[in-house]
2 protein chains.
Amino acid sequence: MDHPTAVLLFDVLASGVRLDAFRLLVKKEPEGMVAGDIAAVLDVPPTNLSFHLKALTQARLLTVEQEGRFQRYRANIPLMLDLIAYLTEECCSGRPEQCANRGLTPNLK
Amino acid sequence: MDHPTAVLLFDVLASGVRLDAFRLLVKKEPEGMVAGDIAAVLDVPPTNLSFHLKALTQARLLTVEQEGRFQRYRANIPLMLDLIAYLTEECCSGRPEQCANRGLTPNLK
DNA sequence: TTGATTATACAACAACTATTGAAATAACGG
DNA sequence: CCGTTATTTCAATAGTTGTTGTATAATCAA
């Protein structure tokens with residue numbers, strides 16, 4: 001992952017609505033959810049949610065697929081893993097011992 | 001880490017100058033750097049850098065310590081590790097198998 | 001104390017972002 | 001074909017963020 005991409009992803013995640021939408025869709029993997037259901041669960045107007053879903057999709061954090069009149073959104077988990085790897089590398093940059101043995105056991109709990 | 005904190009951290013990292021400053025200071029751990037040197041390396045006006053360092057410091061991603069006339073900044077690596085753990089947990093939420101065995105070996109380069 | 005240096009605070013402005021309702025687009029069911 | 005439903009686009013507005021120069025505060029060296 002390059003730095004402009006990381007900045008873009010942080011920018012997109014730096015919104016309560018967008019972070020909530022992404023987290024919701026992670027929970028709903030792999031079925032995903034259609035836009036109206038996301039709006040209902042998060043209790044935001046559809047027009048506003050559409051704005052945020054578009055931002056997430058343009059940043060590739062979500063994928064979207066048409067299903068008749070519905071738009072089904074899904075979380076792009078591999079991209080999030082790339083972002084985590086980027087952060088981890090930045091954080092340890094030149095000093096791997098900084099990150100070692102600090103309870104970074106992401107796959108448990 | 002709670003969600004408002006995560007949103008705040010993403011917001012602060014969603015800037016090229018701030019992300020560069022943080023990465024630079026991670027590399028310079030544990031000595032840190034004084035504000036003027038950071039401005040020189042990143043080639044941004046001191047007044048602008050001060051604005052961004054303040055944002056990073058208020059979000060606790062940096063610590064600052066006075067040294068005579070100088071302000072010495074250091075990266076708060078434990079907080080970044082908390083953020084990484086939060087992201088990892090969100091990303092795996094309810095579906096740990098999503099994150100397992102995907103090359104997430106953060107401590108090796 | 002004086003003069004130079006380091007850094008932050010302030011003020012002004014430009015640019016960007018979020019939110020909303022109304023309108024448009026597209027697809028379904030009858 | 002027509003009304004209904006799902007979603008997005010558009011336009012207007014309010015609020016936020018980034019950048020810069022100038023001014024201020026604090027420290028040091030002589």
Side-chain angles (χ1 to χ4, degrees), chain A residues 3-25 28 31-76, chain B residues 3-25 28 31-76:
Chain A
H3 301 202
T5 302
V7 170
L8 172 65
L9 292 179
F10 290 138
D11 202 31
V12 167
L13 292 171
S15 146
V17 173
R18 290 195 293 264
L19 188 55
D20 285 348
F22 183 79
R23 293 195 306 123
L24 177 60
L25 286 166
K28 296 294 186 175
E31 308 85 30
M33 285 177 80
V34 300
D37 289 347
I38 302 172
V41 170
L42 298 184
D43 193 27
V44 294
T47 181
N48 187 17
L49 184 72
S50 182
F51 170 83
H52 291 296
L53 291 179
K54 183 180 174 186
L56 284 159
T57 305
Q58 284 179 339
R60 299 192 304 125
L61 278 167
L62 299 184
T63 62
V64 62
E65 190 184 359
Q66 186 153 10
E67 271 184 14
R69 319 176 243 196
F70 301 87
Q71 300 286 317
R72 180 166 297 271
Y73 287 89
R74 291 191 179 85
N76 181 357
Chain B
H3 302 196
T5 302
V7 170
L8 172 64
L9 292 180
F10 291 137
D11 202 29
V12 167
L13 291 171
S15 146
V17 174
R18 291 196 290 265
L19 188 56
D20 286 347
F22 183 79
R23 294 194 306 122
L24 177 60
L25 286 165
K28 295 294 185 175
E31 310 83 31
M33 285 177 81
V34 300
D37 289 348
I38 301 171
V41 170
L42 298 183
D43 194 28
V44 294
T47 181
N48 186 16
L49 183 71
S50 182
F51 170 83
H52 291 296
L53 291 179
K54 183 180 173 186
L56 284 159
T57 305
Q58 284 179 341
R60 298 192 307 127
L61 278 167
L62 300 184
T63 62
V64 60
E65 189 184 358
Q66 186 153 9
E67 272 184 14
R69 309 177 252 195
F70 302 88
Q71 300 284 316
R72 181 166 296 271
Y73 288 89
R74 292 191 178 84
N76 181 358

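All chains are named by letter (A, B, ...) in the order of the sequence lines, taking the proteins before the strands, and each is independently numbered beginning at 1.
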Rounding to a whole Å, what distance do you find between [X]:[atom1] and [N]:[atom2]?
X: A:L8; N: C:dT17; atom1: CG; atom2: P; value: 10 Å
X: B:F10; N: C:dT17; atom1: CZ; atom2: P; value: 18 Å
X: B:R69; N: C:dA7; atom1: CZ; atom2: P; value: 9 Å
X: B:L53; N: C:dT6; atom1: CG; atom2: C1'; value: 13 Å
X: B:L49; N: C:dT6; atom1: CG; atom2: C1'; value: 13 Å

Using the 3.5 Å cut-off, write out each protein N or O paired with an N or O of nucleotides 9-13 of chain C and the distance between them.
from, atom 1, to, atom 2, distance (Å)
C:dA9, N6, B:T47, OG1, 2.8

message = With a 4.0 Å cut-off on N to O distance, would you call A:R72 and A:E31 a salt bridge?
response = no

inquiry  = For B:P46 and A:V44, find the nucleotide of DNA chain C closest to each by heavy atoms; which residue's nucleotide sits nearer the 5' end?
reply    = B:P46

Axis bend over the full length of the helix from C:dT1-D:dA30 to C:dG30-D:dC1, computed from five pairs that close each end, to 10 degrees = 30°

key: Contact interval (first through last nucleotide) of DNA chain D with protein chain B, 4.0 Å heavy-atom   = D:dT17 to D:dC28

request  = Begin with the C-alpha distance, continue with both residues' side-chain angles, and end with the deciding distance and a verdict on side-chain contact (heavy atoms from CB on, under 4.5 Å) for B:T57 and B:T63.
outcome  = CA-CA 6 Å; B:T57 305; B:T63 62; over 6 Å; no

Using a 4.0 Å heavy-atom cut-off across all strands, classify [X] as base, sugar-phosphate, or nothing.
X: A:P45; value: sugar-phosphate
X: B:E67; value: nothing
X: A:V34; value: sugar-phosphate
X: B:R18; value: sugar-phosphate

key: Residues A:V41, A:M33; criterion side-chain contact (heavy atoms from CB on, under 4.5 Å); working and verdict   = CA-CA 10 Å; A:V41 170; A:M33 285 177 80; 3.9 Å; yes

ask   = For A:R74, does the CZ atom sit with more than 12 other heavy atoms under 6.0 Å from it, leaving out its own atoms?
value = yes

query = Judged by atom type as modelled, is there a donor-acceptor pair below 3.5 Å linking the side chain of A:N76 to the main-chain atoms of A:R60?
reply = yes

query = Run the side-chain contact (heavy atoms from CB on, under 4.5 Å) check on B:Q71 and B:Q66 step by step: do they pass?
reply = CA-CA 5 Å; B:Q71 300 284 316; B:Q66 186 153 9; 3.5 Å; yes

Interatomic spacing from CG in A:L24 to CD1 in A:I38 - rounded to 0.5 Å = 6.5 Å

ask   = Could you go step by step and tell me if B:L25 and B:L56 meet the side-chain contact (heavy atoms from CB on, under 4.5 Å) rule?
value = CA-CA 12 Å; B:L25 286 165; B:L56 284 159; over 6 Å; no

Under 4.0 Å: is that the gap between some side-chain N or O of [X] and OP1 or OP2 of [N]?
X: B:Y73; N: C:dT8; value: yes
X: A:N48; N: C:dA18; value: no
X: A:H52; N: C:dT17; value: no

request  = Heavy atoms only: give me the nearest A:A39-A:P46 pair and the separation to one decimal.
outcome  = CB-CA, 4.3 Å

query = Minimum heavy-atom separation for A:S15 to B:V7, with atom names?
reply = N-CG1, 3.9 Å

inquiry  = In the structure I gave you, are the side-chain heavy atoms of B:L42 and B:L49 within less than 4.5 Å of one another anywhere?
reply    = yes

inquiry  = Are the side chains of A:V34 and A:Y73 in contact, using a 4.5 Å heavy-atom criterion?
reply    = no

inquiry  = Checking contacts here: which listed nucleotide (C:dT8, C:dT17, C:dT5) is nearest the side-chain heavy atoms of B:A35?
reply    = C:dT8

